[in-house]
There are 2 protein chains.
Amino acid sequence: MPKLKPDTQRARREHILDAAELCFARSGFHATSMQDICREASVSPGALYVYFSSKEDLIAGIAERNRQEFQARFAQLAQATDFFVALEAIGNAYFVEDEPHCRQICLEIGLESTRNTTVGEIHRSVDEFVGSSFETLFQRMIDDGRIRPAHSAAALARVFMVIGDGLFWRSAVDRKFDMAKTIPDVVEVIRQLLNPVEDVASRRPTKPLGEAAE
Amino acid sequence: MPKLKPDTQRARREHILDAAELCFARSGFHATSMQDICREASVSPGALYVYFSSKEDLIAGIAERNRQEFQARFAQLAQATDFFVALEAIGNAYFVEDEPHCRQICLEIGLESTRNTTVGEIHRSVDEFVGSSFETLFQRMIDDGRIRPAHSAAALARVFMVIGDGLFWRSAVDRKFDMAKTIPDVVEVIRQLLNPVEDVASRRPTKPLGEAAE
DNA sequence: CCAAAAAAAATGAGCGTTCGTTTTACTCAA
DNA sequence: TTGAGTAAAACGAACGCTCATTTTTTTTGG
């Protein structure tokens, strides 16, 4: 029965999760052994099993923490005053600021979600949150007359998710992928898709989008 | 050494690959045991090891076959008379006609390509083939004046790949994903992106694209 | 044509290893 | 001294893989 100070307990749990995340990103969930994680965390098996009752539990813990953080980022989007600015911030955080191993873990979680019930529920919950957030957001923009209602909010959200998935997959799998070069073109696709009423003009002082060098 | 009729040998190898593909799609490369595959193929371990020298070799064999088939499909695209018709055929084959486990395997191969050198080379080779095929194709269409050169062929190819990746990922990971509902909207995005000169009119007798029923 | 001999291929118990997990022995602050 | 917390050793199960043996296929002498 644990009696260590709750703060210390939580810190240690996080420490183990950090180590596990690194290992899982390096080798995948099922090619990583508990010993690997113990070594990475400088913790004995017995100690690890105080905080996680099984490997599956540890995987679920990783998924839980990762997806929660992801959801928290998106939650900000819904309250943002400027949709495009907020979206760029999220994209920048995920694709530029985050370590590569974060994207690797997201990939791992996505794949695992198709086979592991617990991870599946966590993943699906966040995915649906993101999807419905976009839909609500687009609906509001349509209602406010900020974008031309050429498509339903649901359709827009669907296509948006697909494009996001594409960037997500390629950034994780293709080491040669040049995100900086691709973003402007994708942004223009999104712009044409949303077709906002202010269109070309009036946006922040930025060079005309969609003209990637080369 | 081996003297079984070459046809029989190849057939047996294919049979084992079929079984392995099923198992790998079901549980992933590293959560599938050789025994699982032996059971699925109704073959003893010893017999399996006649055709594949190790589990890694078997994984490479799966990647090799799968990516080769994928590449063969895309090779047809380059020679097609109508780009859009050929593209639809490929999309239909992959997203509709193929069994779900094929998409699961593609996902698995993509992930494995980031960690396994052999699989990585196979995957990257095909991916680069697809990318450069698109670029060549778009360049030709620009040169022929079939699409308006608003973007470079390279930029078009990049965005195209990202959208393809998005459809690929979502179709494999999101069981609730409605491909039929999404395709028309994605097609319209592509249409706007490519901006062909004949535009709205003149295409095969089909209902106006891009209007997904809610 | 057809056994018998030779060659090839398949078998499956079992190898050594490593897995996820549990138990045991110990440390050390209270 | 005690008991919460940790480290290390050890557990049975399952892993990838091997090999002595059996079964199947092909070759061949009469």
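Order of the sequence lines sets the chain letters (A, B, ...), proteins ahead of strands, with each chain counted from 1.
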Margin query: Counting primed atoms plus P, OP1 and OP2 as sugar-phosphate and everything else as base, spell out the protein contacts along nucleotides 7-22 of chain D at 4.0 Å heavy-atom distance: B, S or - for each nucleotide, 5' to 3'.
Written below: BB------SSBBB---

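The residue from B:Asp57, B:Leu17, B:Asp18 that alone fulfils the side-chain contact (heavy atoms from CB on, under 4.5 Å) condition with B:Ile62 is B:Leu17.
In this structure, the CZ atom of B:Phe52 is 16 Å from the C1' atom of C:dA10, given to the nearest Å. Atom pair A:Asp57:CG and C:dG20:P shows a separation of 14 Å (rounding to whole Å applied).
Judged purely by distance below 3.5 Å, without hydrogens or angles, the side chains of B:Gln192 and B:Glu188 pair a donor atom with an acceptor atom.
The number of heavy-atom neighbours closer than 6.0 Å to CD of A:Glu56, taken from other residues, nucleotides and ligands shown, is 12 or below. For B:Arg175, the CZ atom counts as loosely surrounded, since its 6.0 Å shell holds 12 or fewer non-hydrogen atoms of other residues, nucleotides or ligands.
Under a cutoff of 6.0 Å and an axis angle of 45°, B:Arg67 and B:Phe129 do not form a cation-pi pair.
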